[in-house]
Amino acid sequence: VQLQASGGGLVQPGGSLRLSCAGSGFTLDYYAVGWFRQAPGKEREGVACIHSISDGTTYYSDLTKGRFTISRDQAKNAVDLIMNYLEPEDSAVYYCAADYGYGSAQLGVRCRDGMDYWGKGTLVTVSS
């Protein structure tokens, strides 16, 4: 299972950014996928997660609910994270991760605790 996150960069406060997590060598549709972030000196935290296409359940952290949207791009074998109304506090390295075999009822727990497969991160900096 290989995951590649992309789309990070520098954006001004209030701006938007789209991150993409591409799967390689397997079909991402059948996996739960999550976006996590880690800022310097802080613990990793779950941002948003989506269950496999069999269910489609989504989970958002309280900090990102209403501003971030997670969705699948099946044609690209990817899961995107659209981030709106970005704040300096959103600055972090963003990672995507994937899980297989867990039920949708466990999505929130997995989104907080972490998933089994991880890709390299992409840096998001929100600054004027």
Side-chain angles (χ1 to χ4, degrees):
V1 175
Q2 291 189 346
L3 300 166
Q4 181 64 56
S6 63
L10 174 65
V11 62
Q12 292 186 341
S16 300
L17 210 57
R18 177 193 290 262
L19 305 182
S20 186
C21 175
S24 177
F26 70 106
T27 302
L28 202 54
D29 288 350
Y30 304 121
Y31 288 70
V33 177
W35 282 97
F36 299 78
R37 68 187 183 187
Q38 187 165 21
K42 294 187 177 181
E43 293 188 354
R44 185 188 67 203
E45 60 178 346
V47 173
C49 295
I50 187 167
H51 200 249
S52 70
I53 58 169
S54 66
D55 183 291
T57 299
T58 57
Y59 172 89
Y60 295 91
S61 75
D62 289 341
L63 293 175
T64 62
K65 194 178 299 182
R67 298 189 298 126
F68 292 8
T69 302
I70 189 170
S71 64
R72 291 188 178 274
D73 187 337
Q74 292 182 260
K76 295 182 179 179
N77 197 34
V79 171
D80 292 343
L81 181 70
I82 300 171
M83 304 185 294
N84 296 318
Y85 307 109
L86 284 163
E87 305 166 353
E89 293 73 23
D90 295 315
S91 297
V93 177
Y94 283 70
Y95 300 88
C96 65
D99 251 347
Y100 184 83
Y102 295 92
S104 60
Q106 297 172 287
L107 185 65
V109 174
R110 303 299 291 174
C111 206
R112 290 188 296 271
D113 293 347
M115 295 185 170
D116 292 337
Y117 306 103
W118 293 85
K120 294 183 179 179
T122 184
L123 178 63
V124 172
T125 303
V126 184
S127 175
S128 55

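Index from 1, following the sequence.
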Quick one: are Phe68 and Leu63 in side-chain contact, heavy atoms under 4.5 Å? no
Does the side chain of Tyr102 reach to within under 4.5 Å of the side chain of Met115, using non-hydrogen atoms? no
Sequence neighbours excluded, which residues qualify as side chain to side chain contact (heavy atoms under 4.5 Å, CB included) partners of [X]?
X      : value
Asp55  : His51, Thr57, Ser104
Lys120 : none
Glu89  : Glu87

Can you run down the salt bridge (Lys or Arg N to Asp or Glu O under 4.0 Å) pairs that involve residues 2-16, sequence neighbours left out, and say none if there aren't any? none
Under 4.5 Å between side-chain heavy atoms, hopping through other hydrophobics if needed: is there a path connecting [X] to [Y]?
X     : Y      : result
Val33 : Tyr59  : no
Val47 : Leu123 : no
Tyr60 : Leu107 : no

Distance-minimising heavy-atom pair for [X] and [Y]:
X     : Y      : value
Asn77 : Leu28  : OD1-N, 2.7 Å
Arg44 : Gly114 : NH2-CA, 3.8 Å
Ala48 : Leu81  : CB-CD1, 3.9 Å

Who passes side chain to side chain donor-acceptor pair (under 3.5 Å) against [X], sequence neighbours left out?
X     : result
Asp73 : none
Tyr95 : none
Thr64 : Ser61
Ser54 : Ser52

Evaluate side-chain contact (heavy atoms from CB on, under 4.5 Å) for Met83 paired with Val124, printing each intermediate quantity in order. CA-CA 10 Å; Met83 304 185 294; Val124 172; 4.0 Å; yes
Side-chain donor/acceptor pairs under 3.5 Å, residues 2-23, sequence neighbours excluded:
{"unit_1": "Ser16", "atom_1": "OG", "unit_2": "Asn84", "atom_2": "OD1", "d": "2.8"}
{"unit_1": "Arg18", "atom_1": "NH1", "unit_2": "Asp80", "atom_2": "OD2", "d": "3.0"}
{"unit_1": "Ser20", "atom_1": "OG", "unit_2": "Asp80", "atom_2": "OD1", "d": "2.9"}

With sequence neighbours excluded, give me every ring-ring contact (aromatic ring centres under 6.0 Å, His included) pair touching residues 22-48. Phe26-Tyr31, Tyr31-Tyr100, Phe36-Trp118
Residues at least two apart in sequence or cross-chain that pass salt bridge (Lys or Arg N to Asp or Glu O under 4.0 Å) with Arg67, listed by chain then number, are Asp90
For the side chain of Ser91 and the backbone of Val126, is there at least one donor-acceptor N/O pair under 3.5 Å apart? yes
Nearest 0.5 Å, what's the CG-CG distance between Asp99 and Asp116? 4.5 Å
Sequence neighbours left out, what pairs pass disulfide (SG to SG under 2.5 Å) with at least one residue falling in residues 27-82? Cys49-Cys111
